[in-house]
Amino acid sequence: MFALAVALTVLLLLEVVPSAVAQPARARPGLERLDELTRLGVLDGRRLWVPTLLGTLHTLGGSAVLVGVRHPPVGVAGAALEAGIFAWVLVRQLRAGDRGRALFAYTLFLGMALAVLVADAVR
């Protein structure tokens with residue numbers, strides 16, 4: 001079970017770390033992707049606090065997931081935070097009318113976060 005938890009944690013961190021770095025730094029590709037998914041108008045100068053908040057939350061969640069390799073309850077909390085972020089993006093996409101393939105990436109990320117949550121909870 002430990003090896004599975006580590007493997008799932010690494011997979012989740014591959015998604016979380018770039019977001020944790022790109023959003024607070026306001027990297028153009030990260031902002032474009034966030035705007036494309038959530039339709040918040042970040043590129044138009046609206047809701048500029050969202051990338052900073054998401055970057056901070058990804059940093060906290062990713063750090064907790066990493067600590068969760070040794071302390072599973074911390075990993076459960078971090079994975080729950082990441083799952084919440086990914087679910088929020090999916091809800092925004094659904095409200096904007098996205099269907100089918102457009103939902104695949106964040107559905108996969110949500111699934112990874114939930115898998116880490118379950119793996120850590122079982123340990």
Side-chain angles (χ1 to χ4, degrees):
M1 185 51 95
F2 178 76
L4 176 63
V6 170
L8 290 170
T9 297
V10 169
L11 288 174
L12 182 59
L13 288 175
L14 287 174
E15 167 53 27
V16 170
V17 170
S19 295
V21 172
Q23 290 175 1
R26 300 198 189 279
R28 182 101 179 142
L31 293 178
E32 287 173 355
R33 183 72 175 140
L34 178 64
D35 230 15
E36 176 185 313
L37 293 170
T38 62
R39 279 71 160 199
L40 288 172
V42 175
L43 291 175
D44 299 330
R46 293 179 287 150
R47 297 182 183 98
L48 292 175
W49 56 271
V50 173
T52 303
L53 176 63
L54 287 177
T56 302
L57 292 175
H58 274 307
T59 300
L60 290 172
S63 299
V65 166
L66 191 57
V67 170
V69 170
R70 287 286 179 207
H71 304 286
V74 177
V76 168
L81 177 58
E82 292 299 338
I85 294 168
F86 297 139
W88 175 76
V89 172
L90 280 170
V91 167
R92 296 284 310 180
Q93 285 184 276
L94 289 168
R95 282 186 186 163
D98 288 351
R99 298 291 182 265
R101 291 176 47 162
L103 302 174
F104 178 75
Y106 275 79
T107 302
L108 177 65
F109 301 151
L110 175 59
M112 282 191 297
L114 293 174
V116 170
L117 190 148
V118 169
D120 283 347
V122 169
R123 290 190 309 130

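- In the hydrophobic cluster analysis, where Ile, Leu, Val, Met, Phe, Trp and Tyr join through side-chain heavy atoms closer than 4.5 angstrom, Leu53 is grouped together with Leu43.
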For side-chain contact (heavy atoms from CB on, under 4.5 Å), just list the numbers for Leu110 and Glu82, CA-CA rounded to whole Å, side-chain angles, deciding distance to a tenth of an Å, and then say yes or no. CA-CA 8 Å; Leu110 175 59; Glu82 292 299 338; over 6 Å; no
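- Under a hydrophobic-cluster definition in which Ile, Leu, Val, Met, Phe, Trp and Tyr are linked whenever side-chain heavy atoms come within less than 4.5 Å, directly or via other members, Val89 and Leu57 are assigned to the same cluster.
- Shown are Leu13, Leu12, Val76, Val69; of these, the side-chain contact (heavy atoms from CB on, under 4.5 Å) with Val116 is made only by Leu12.
- Residue Gly78 comes nearest to Ala64 through the heavy atom pair CA-CB, 3.5 Å, listed as atom of the first residue, atom of the second, then distance.
- Here the closest heavy-atom approach between residue Ala79 and residue Ala113 is recorded as CB-O, 3.4 Å.
- Summarising the geometry of Ala5 relative to Asp120, their closest heavy-atom pair is CB-OD1, 3.9 Å, with the distance given to 0.1 Å.
- With a 4.5 Å cut-off on side-chain heavy atoms, Leu81 and Leu60 count as touching.
- No path of Ile, Leu, Val, Met, Phe, Trp and Tyr side chains, each step under 4.5 Å between heavy atoms, connects Met1 with Val10, placing them in separate hydrophobic clusters.
- At a threshold of 4.5 Å between non-hydrogen side-chain atoms, the residues Leu37 and Arg92 do not count as touching.
- In this structure, the side chains of Thr38 and Trp88 come closer than 4.5 Å at one or more pairs of heavy atoms.
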Test Asp98 against Arg39 for side-chain contact (heavy atoms from CB on, under 4.5 Å), laying out the working first. CA-CA 11 Å; Asp98 288 351; Arg39 279 71 160 199; 2.6 Å; yes
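- Leu14 contributes atom CG, which lies 8.0 Å from atom CE of Met112 (distance to the nearest 0.5 angstrom).
- Other residues, nucleotides and ligands place more than 12 heavy atoms under 6.0 Å from the CZ atom of Phe2.
- Tracing side-chain contacts under 4.5 Å through hydrophobic residues (I, L, V, M, F, W, Y), one reaches Leu4 starting from Val118; they form part of the same cluster.
- Linking ILVMFWY residues whenever their side-chain heavy atoms come closer than 4.5 Å, directly or via other members, places Val50 and Leu48 in the same cluster.
- Across Leu103 and Gln93, no two heavy atoms sit closer than the pair CD2-CB, 3.7 Å.
- Using a 4.5 Å cut-off on side-chain heavy atoms (C-beta onward), Asp35 and Leu31 make no contact.
- The CZ atom of Phe109 sits 13.5 Å away from the CG atom of Leu114 when rounded to the nearest 0.5 Å.
- Ring pair His58/Phe86 is tilted by interplanar angle, where 30° to 60° counts as tilted.
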